[in-house]
Amino acid sequence: MHNLANLSSTARARVLAGLTCAALFVLPERPAAALSCDGPAWESEWAMPGSLRDATREFPVDAQFWELRTCAYDFAAPSGCRLERGDDVIPVAVELDGAGHCNVEASYVSDGNYPDVIVRYVPARSMIPNRTYVLECDANGPEANDEQGQNTVVRSRLDPAPAAAPASLDDIELAGKRGDDGCCATGDYLELQFDHEQTWLSQGGYVEVLYDDGQVFALNGPDSWSGTIEMPPTRGGLEFTPVAANGVRGETFRLDRGEYDRELVYMPCAVSGNASPLALWLLAPLLWIGTYGRRRRAALGGAS
């Protein structure tokens, strides 16, 4: 066997590269959230799901409206809301789901927990069919959705029939995923698949996701940019409840921690934490080679 001390600099570089690759494959699974350079995709305000994004959508006359908001810091609920169309004014109550996790300590959020709240706008009565209303709030209302960026427009459909009932969610498939952008990965996430092209969803319904720790999330289909449905990660179970456009809740579908897959990915930036003994033994020669190379160069420099 060759002595590493007698290897050329080129040979030492090849050995170094080989050992590095070997070490990466025996490193333990490690949460990728700690490696993040940016926040997760679902925390982008423009990408947060809701039923008020599209001003051209037509809702059932008995529809309620909803949006998901990040609420980690200084969350303020909407107030003084109503639907207006000339003299026709419909009072709108604001109901919050998951608000108990808002305004948490900064250290809690920095650990990869980004609490959200589902804001629901509940009209006091049904809208008139085939009408256009403006959803107004005195404070902290939803973002404008019209072309002028001034009003939140809501349109009722011509059909006076109530909203479609929510369907079953027993076709759900859930998988834990890891960030795949190297050292700037966006972190762990859950990828959900289910039949999202259903009437009750297209009318303005959504799926409520309740985490075991009490946090909530909401979704109604794939992200338009990625084409996937991504959710915050968890080490526990989740409960999925279909909610129709008029607020009627369907049957809850639960997945416990062991009932969905978790993807294992080994990342170069994760060389820390609870490393396995084999990984440490592989890293030891790397340190020796680097130290020997510096000493040899220093000796050659001193002899010249």
Side-chain angles (χ1 to χ4, degrees), residues 42-105 109 114-158 160 162-163 166 200-210 214-220 241 243-249:
W42 58 81
E43 290 303 317
S44 300
E45 290 295 334
W46 61 269
M48 298 288 274
S51 63
L52 297 168
R53 297 285 182 181
D54 184 4
T56 65
R57 168 180 276 181
E58 295 186 352
F59 293 92
V61 292
D62 61 345
Q64 300 177 6
F65 312 101
W66 65 278
E67 58 181 345
L68 188 69
R69 289 195 190 181
T70 299
C71 63
Y73 305 107
D74 300 325
F75 172 75
S79 61
C81 299
R82 65 263 176 205
L83 289 174
E84 296 182 346
R85 178 182 168 80
D87 295 334
D88 183 13
V89 178
I90 304 175
V92 173
V94 174
E95 299 181 3
L96 306 176
D97 298 325
H101 284 273
C102 292
N103 301 328
V104 297
E105 295 292 332
V109 178
Y114 301 87
D116 301 296
V117 61
I118 303 173
V119 180
R120 294 186 289 115
Y121 301 90
V122 184
R125 59 175 172 82
S126 295
M127 297 178 286
I128 298 173
N130 196 29
R131 293 291 187 271
T132 299
Y133 293 83
V134 172
L135 177 57
E136 290 279 2
C137 293
D138 293 338
N140 308 310
E143 295 291 333
N145 63 6
D146 63 351
E147 294 182 355
Q148 293 75 34
Q150 297 178 351
N151 300 302
T152 304
V153 177
V154 171
R155 302 177 188 275
S156 61
R157 64 182 184 177
L158 177 62
W200 65 277
L201 282 169
S202 66
Q203 290 181 352
Y206 64 97
V207 177
E208 173 197 274
V209 185
L210 177 63
Q215 294 194 51
V216 298
F217 194 72
L219 52 91
N220 57 354
T241 303
V243 182
N246 59 2
V248 173
R249 299 172 66 85

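From a predicted model like this one, the values you see are computed outputs, not experimental measurements. These numbers come from the heavy atoms of this one structure, side chains and all, not from hydrogens, waters or symmetry mates.
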Filter on salt bridge (charged side-chain N to carboxylate O under 4.0 Å, His left out), then keep only pairs touching residues 141-152, sequence neighbours left out; what's left? none
Among pairs that include at least one residue of residues 90-102, which meet salt bridge (charged side-chain N to carboxylate O under 4.0 Å, His left out), considering only residues two or more places apart or in two chains? Glu95-Arg120, Asp97-Arg120
Chi angles and distances behind the side chain to side chain contact (heavy atoms under 4.5 Å, CB included) call for Asp116, His101: CA-CA 8 Å; Asp116 301 296; His101 284 273; over 6 Å; no
Just verifying a value: how many Å separate [X] [atom1] and [Y] [atom2], rounded to the nearest 0.5 Å?
X: Asn220; Y: Arg53; atom1: CG; atom2: CZ; result: 10.0 Å
X: Ile90; Y: Ser126; atom1: CD1; atom2: OG; result: 8.0 Å
X: Ser202; Y: Phe59; atom1: OG; atom2: CZ; result: 10.5 Å
X: Thr152; Y: Glu67; atom1: OG1; atom2: CD; result: 8.5 Å
X: Arg131; Y: Arg155; atom1: CZ; atom2: CZ; result: 13.0 Å
X: Leu68; Y: Ser51; atom1: CG; atom2: OG; result: 11.5 Å

Flag side-chain contact, heavy atom, 4.5 Å: [X] against [Y]:
X: Met127; Y: Leu83; result: yes
X: Pro160; Y: Pro129; result: yes
X: Val92; Y: Val122; result: no
X: Ser156; Y: Glu58; result: no
X: Phe217; Y: Val207; result: no
X: Arg69; Y: Pro78; result: yes
X: Leu96; Y: Val94; result: yes
X: Pro166; Y: Val248; result: yes

If we ignore hydrogens and angles and just use 3.5 Å, is the side chain of Asp54 paired with the main-chain N or O of Thr56 as donor and acceptor? yes
Quick check against the 3.5 Å criterion: does Asn246 have a side-chain atom that pairs as donor or acceptor with the backbone of Ala63? no
Please report the closest heavy-atom contact between [X] and [Y], naming both atoms and the distance.
X: Asp62; Y: Pro162; value: OD2-CB, 3.3 Å
X: Arg57; Y: Gly204; value: NH1-CA, 3.7 Å
X: Asp88; Y: Ile128; value: OD2-CD1, 3.5 Å

Donor-acceptor pairs under 3.5 Å, side chain of residues 134-142 to any protein atom, not counting sequence neighbours: which ones?
{"residue": "Asp138", "atom": "OD1", "partner": "Arg82", "partner atom": "NH1", "Å": "2.7"}
{"residue": "Asn140", "atom": "ND2", "partner": "Ala77", "partner atom": "O", "Å": "3.3"}

Hey, mind stepping through Val154 and Leu52 against side chain to side chain contact (heavy atoms under 4.5 Å, CB included) and telling me if it holds? CA-CA 8 Å; Val154 171; Leu52 297 168; 3.9 Å; yes
Residues at least two apart in sequence or cross-chain that pass side chain to side chain donor-acceptor pair (under 3.5 Å) with Asn103, listed by chain then number, are none
How would you list, by chain and number, every residue that makes a ring pair (Phe, Tyr, Trp, His ring centres under 6.0 Å) with Phe75, sequence neighbours excluded? none
Run the ring pair (Phe, Tyr, Trp, His ring centres under 6.0 Å) test against Tyr206 and tell me which residues pass, sequence neighbours left out. Trp66
Arg249/Glu208 under salt bridge (charged side-chain N to carboxylate O under 4.0 Å, His left out): CA gap, chis, key distance, verdict: CA-CA 9 Å; Arg249 299 172 66 85; Glu208 173 197 274; 2.9 Å; yes
